[in-house]
Amino acid sequence: MRLVTVLNQTWAVGLFWQVRSGGPASRAVMLQLAREQAREFSKEGYNCVVTRAQQYGLGQYKIAGARQPLRGACSLAAAIRPSMNAISAISEGSDAFVGLFCLGNTPEGEALWWVCAISRGFIAANGDEVFTSREEAELAATDRRKLFGKTTEIHCETLEETESYLAALLKPETRVEELFPSANKRRMKQFQIAALLALIGCVVGGIWGYGYLQEQAAAKQQAASAAANARYKRELKDSPERFFTMAWQHAPRPAVVGRQCLPAMLGQPFSLQGWTMAEMSCVSDTSGQILVVQREHTPGASYNLPPRSRLASAQKLTTNLPLPTLQKREPYPYAALPTKEEGAALLYQLTQNIRANLQTLTWENPEQVTQDDLTLVAPWQRGIFELTDIPSAVLPDVCNALDYSGLVIKAVVYNNKAWKIQGVSYVKTKP
């Protein structure tokens, strides 16, 4: 996240935006969601947040040691939303707005470029990005346009053009705040509140009787706490998905996996220094992808091992070849997943079309967690499958056909002149 000055106002750009499923919620609920997301992705170092009715944006900014670094800063992307009618009028009937704006120069003299993408009033997850390269910014803007339907496109090549265009559209209303306020600030705020309550109690108690008012205040506080607790538990039951990891959002698309794995696998020699191919697997996990090649010894094979290889035994050689990290797919909510029946039908139809064999399809029970004495059940479940006897000629088409919501390829395997794909199909259990 960066702070920039546009029209003599401090703005924050470069936040990561998320949408709350289930409709608008209170600020407290949005803050809670933002903090949980930040803890889940602790490596990103998120420490700032902007909340809206149904969205929150996370940012990382150097707060420690700075003197009031965020005071008065508002989200530039969120400030555009009140004037979306004016933006839509530029291109009649457009569903989305994608803008490429110059924000001046950094203190080091580099040009600063901002890509803003808004669709139907919501800022896209990667629709608030900042770059120091014009080329990278243009590529990002092109990617955002491909995600939407009819799109209004704006390009402002100088800070003056940016300010001229945004002058009539901005309405600062969503300020950036610290995601996890420091302990000193909390203690100071608690002290101030306690001192104010004590002063009010002394004044009112002297006039109306401190004991009676104290009793009434305690009763109201208890009722308010009970009501708030009831609302909180209703929200837990209505939106249990925020307590579970949507694993499909952190995996690359099957078509992208196929485009990387298949050329890498087909490029491996059958024999290497006398060691013949036994099996190879292109495996995906949380750290990326790796090509694992297993070979068997033949008479005269060299024990001067190739790079990245190790002996599993005197007769077996294993080579691990890391592959480039693939981009995660664009996030989407669990509501976009197919049902269990739909997910099974897609796999059955594909198996029939390519004359392969669906060796296994096992559905696991939905995950469960306990939160505040409530047992929450994930509104989705996963099916573990293995598709075997795949003809090599249709392998790329199979990966493309598997490229639908909720499907993740875990491994592409070649063994005994046969191909198979292992994966997970995530399906929703309720609308």
Side-chain angles (χ1 to χ4, degrees), residues 1-17 38 43-50 52 55-84 86-87 90 96-119 123-148 151-179 327:
M1 187 187 82
R2 288 177 179 265
L3 296 183
V4 298
T5 300
V6 176
L7 296 170
N8 298 318
Q9 166 76 33
T10 301
W11 303 93
V13 293
L15 287 88
F16 176 65
W17 290 91
K43 291 183 179 180
E44 302 295 336
Y46 293 130
N47 59 1
C48 305
V49 66
V50 174
R52 306 175 74 192
Q55 270 196 295
Y56 59 86
L58 294 172
Q60 191 277 331
Y61 191 74
K62 183 178 180 181
I63 294 176
R67 184 175 182 182
Q68 299 177 335
L70 302 176
R71 186 172 184 179
C74 296
S75 166
L76 187 56
I80 293 179
R81 184 181 181 277
S83 299
M84 280 304 296
I87 293 174
I90 297 173
F97 163 75
V98 176
L100 175 60
F101 300 96
C102 176
L103 298 180
N105 294 329
T106 66
E108 293 77 20
E110 296 179 302
L112 204 59
W113 299 92
W114 178 51
V115 175
C116 178
I118 302 175
S119 177
I123 304 167
N126 293 323
D128 182 7
E129 292 190 299
V130 64
F131 302 87
T132 55
S133 165
R134 175 67 169 76
E135 290 75 15
E136 291 181 7
E138 179 61 39
L139 287 175
T142 301
D143 288 342
R144 303 303 169 267
R145 287 193 294 270
K146 291 178 181 178
L147 296 177
F148 305 136
T151 305
T152 296
E153 301 177 22
I154 297 297
H155 284 233
C156 294
E157 302 296 332
T158 65
L159 178 59
E160 290 73 18
E161 289 183 19
T162 297
E163 292 184 329
S164 176
Y165 177 77
L166 295 179
L169 303 182
L170 296 181
K171 182 180 178 181
E173 60 176 13
T174 49
R175 295 191 180 277
V176 185
E177 57 184 303
E178 293 185 36
L179 189 57
Q327 183 179 6

Could you tell me whether the side chain of V50 reaches within less than 4.5 Å of the side chain of M1, counting heavy atoms only? no
Contact between N105 and L112 at the side-chain level, heavy atoms closer than 4.5 Å - yes or no? no
Contacts of W114 that satisfy ring-ring contact (aromatic ring centres under 6.0 Å, His included) - sequence neighbours left out: F101
Which atom pair, heavy atoms only, marks the closest approach of H155 to E138? CE1-OE1, 3.2 Å
Atom CZ in R175, atom SG in C48: separation rounded to 0.5 Å? 14.5 Å
Check step by step if side chain to side chain contact (heavy atoms under 4.5 Å, CB included) holds for R2 and T106. CA-CA 10 Å; R2 288 177 179 265; T106 66; 3.7 Å; yes
Report the distance from atom CG of L139 to atom CG of L100, rounding to the nearest 0.5 Å. 10.5 Å
Any donor-acceptor pair under 3.5 Å from D128 side chain to C116 backbone: no
The reported gap from CG in L76 to CG in L166 (rounded to nearest 0.5 angstrom) is 6.0 Å
Looking only at heavy atoms, what is the nearest atom pair of A78 and T174, with distance? CB-OG1, 3.1 Å
Reported OH-to-SG distance for the pair Y165 and C156, which is rounded to 0.5 angstrom: 7.0 Å
Would you say that W11 contacts L170 through its side chain, given a criterion of any heavy-atom pair below 4.5 Å between the two side chains? yes
Would you say E161's side chain and E157's backbone share a donor-acceptor pair under 3.5 angstrom? yes
Please determine whether the number of non-hydrogen atoms from other residues, nucleotides or ligands lying under 6.0 Å from atom CZ of R145 exceeds 12. yes
Minimum side-chain heavy-atom gap V115-W113 below 4.5 Å: no
Can you check whether E178's main-chain N or O pairs, donor with acceptor, with N47's side chain at less than 3.5 Å? no
Q9 side chain reached by C74 side chain, heavy atoms, under 4.5 Å: yes
Which heavy atom in V176 sits nearest to a heavy atom in A12, and how many Å separate them? CG2-CB, 3.5 Å
What closest approach, in Å, do F131 and A140 show between heavy atoms, and which atom pair accounts for it? CZ-CB, 3.5 Å
Under 3.5 Å, side chain of T151 to main-chain N/O of A96, donor-acceptor pair present? no
Strictly by modelled atom types, are S133 and E135 linked by a side-chain donor-acceptor pair under 3.5 Å? yes
Identify, with sequence neighbours excluded, every residue that meets side chain to side chain donor-acceptor pair (under 3.5 Å) alongside E129. R144
Sub-4.5 Å side-chain heavy-atom contact between V49 and E177: yes
Do you know the tightest heavy-atom contact between Q55 and W17? NE2-CB, 3.8 Å
Rounded to the nearest 0.5 angstrom, the OG-CD1 distance for S75 and I123 is 5.0 Å
Straight-line distance of T158 OG1 to L103 CG, nearest 0.5 Å: 11.0 Å
I need the minimum non-hydrogen distance between T10 and L3, along with the two atoms involved. CG2-CB, 4.3 Å
